[in-house]
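Mind having a look at this structure? Questions to follow.
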Amino acid sequence: MMEQIAADIRKALETRSFSGSLKFDCGSDGVIVLADGTASTTDRETDCTLTLSRDNLTSLLKGKLNPMMALATGKLKLSGNPAVAMGLAKLLG
């Protein structure tokens, strides 16, 4: 499941750029790391980490979950550089 989500993000990265590195940490479901122009399911240190459930990640990427509302309601936790997370909006565009 996480590999499929990573593949979808890689497709978006073909036409959009993302600077910095960002990790979606979905706990026991795994991670997706955006870095160096691609997305992978291999864990590593990143500039910013977003911690959320896999279901909330799917909703976020489909535009059904507003990132600011998710932060405000505790569905999403951010650590590291928030400016990197802001770049995600352009990627999801």
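Please read all numbers here as calculations on a predicted model, not as lab measurements.
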Side-chain (Arg10) to main-chain (Thr38) donor-acceptor, under 3.5 angstrom: no

Straight-line distance of Leu60 CG to Asn66 CG, nearest 0.5 Å: 8.5 Å

Minimum-distance pair of heavy atoms, taken over all atoms of Ala6 and Ala39: O-CB, 3.7 Å

Residue pairs, two or more places apart or on separate chains, that pass salt bridge (charged side-chain N to carboxylate O under 4.0 Å, His left out) and touch residues 43-64: Lys23-Asp43, Asp29-Arg54, Asp36-Arg44

Full working for side chain to side chain contact (heavy atoms under 4.5 Å, CB included) between Ile9 and Ile32: CA-CA 9 Å; Ile9 295 171; Ile32 295 177; 3.9 Å; yes

Heavy-atom closest pair, residues Val33 and Thr42: CG2-O, 3.4 Å

Identify every side-chain donor-acceptor pair in residues 72-85 under 3.5 Å, counting partners at least two apart or on other chains, and give the distances.
unit_1: Thr73; atom_1: OG1; unit_2: Met69; atom_2: O; d: 2.8
unit_1: Thr73; atom_1: OG1; unit_2: Ala70; atom_2: O; d: 3.4
unit_1: Asn81; atom_1: OD1; unit_2: Ala83; atom_2: N; d: 2.8

Distance, nearest 0.5 Å, that separates CZ of Phe24 from SG of Cys48: 9.0 Å

Rounded distance (nearest 0.5 Å) linking atom CG of Asn56 with atom CG of Leu50: 11.5 Å

Close side-chain approach of Lys11 and Asp8, heavy atoms under 4.5 Å: no

Spatial distance of atom CG (Leu57) from atom CG (Leu52) [nearest 0.5 Å]: 5.0 Å

Interatomic distance, Thr58 atom OG1 to Leu65 atom CG [nearest 0.5 angstrom]: 10.5 Å

Side chain to side chain contact (heavy atoms under 4.5 Å, CB included) between Val31 and Thr41, intermediate numbers included: CA-CA 5 Å; Val31 301; Thr41 54; 5.6 Å; no

